[in-house]
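Okay, so here's the structure we're looking at.
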Amino acid sequence: MTTALQLVDVRTAGEFERGYIEGARLIDFTKADFSEKVGKLDRTKPIAVYCAVGGRSYQSTAVLKRLGFQEIYDLKGGIQGWKKEGLPLKK
């Protein structure tokens with residue numbers, strides 16, 4: 001069994017296009033199908049979520065818990081915190 005981290009960007013498509021963390025999958029928290037899409041991910045693997053500054057990712061962790069994900073990480077400070085640390089983004 002692999003424990004590869006599932007990295008999910010919960011921002012909008014427009015935000016994602018301006019830059020994202022390598023390996024991230026876009027699942028927009030504001031869309032009606034958010035729960036359905038994240039529900040298709042592997043609940044046995046750790047999942048990390050991030051947004052712009054932390055609000056949407058924090059809210060998405062509640063959805064993930066309700067769906068049965070056990071190992072959930074929220075990137076504190078979101079993409080802004082990532083950039084502040086000088087870490088790279090993909091476009």
Over all atoms of both residues, closest heavy-atom pair of Val53 and Gln80: CG1-CG, 3.7 Å

Donor-acceptor side-chain pairing of Tyr50 and Asp74 below 3.5 angstrom: no

Close side-chain approach of Thr12 to Arg56, heavy-atom, < 4.5 Å: yes

Side chain proximity check, Val10 to Leu26, heavy atoms < 4.5 angstrom: no

Thr61 side chain near Val49 side chain, heavy-atom distance below 4.5 Å: yes

Between NZ on residue Lys65 and OG on residue Ser60, distance to nearest 0.5 Å: 10.0 Å

Closest approach of Cys51 to Ser57 (non-hydrogen atoms, all atoms of both residues): SG-N, 3.4 Å

Same apolar cluster (I L V M F W Y, side chains within < 4.5 Å links), Ile72/Val8: yes

Exercise: identify the closest heavy-atom pair between Leu89 and Trp82: CD2-CD1, 3.6 Å

Sub-4.5 Å side-chain heavy-atom contact between Leu67 and Val38: yes

Closest contact, heavy atoms only, Glu15 versus Ala52: OE2-CB, 4.1 Å

Rounded distance (nearest 0.5 Å) linking atom CZ of Arg11 with atom CZ of Arg18: 7.5 Å

Within 6.0 angstrom of Gln70 CD, more than 12 heavy atoms from elsewhere: no

Nearest non-hydrogen partners of Ala13 and Asp28, listed with the distance: N-OD2, 4.3 Å

Min side-chain heavy-atom separation Leu7-Asp9 under 4.5 Å: no

Nearest-0.5 Å distance, NZ of residue Lys84 to CD1 of residue Ile79: 15.0 Å

Side chain to side chain, Ile47 and Leu64, heavy atoms closer than 4.5 Å: yes

Joint cluster assignment, Ile27 & Ile21, ILVMFWY side-chain distance < 4.5 Å: no

Spacing of Arg25 atom CZ and Tyr20 atom OH [to the nearest 0.5 Å]: 14.0 Å

Distance-minimising heavy-atom pair for Gln6 and Asp42: NE2-O, 2.8 Å

Criterion side chain to side chain contact (heavy atoms under 4.5 Å, CB included) on Lys45 and Leu5, from CA distance to verdict: CA-CA 6 Å; Lys45 294 181 182 177; Leu5 179 70; over 6 Å; no

Sequence-distant partners of Phe29, ring pair (Phe, Tyr, Trp, His ring centres under 6.0 Å), two or more places apart: Phe34

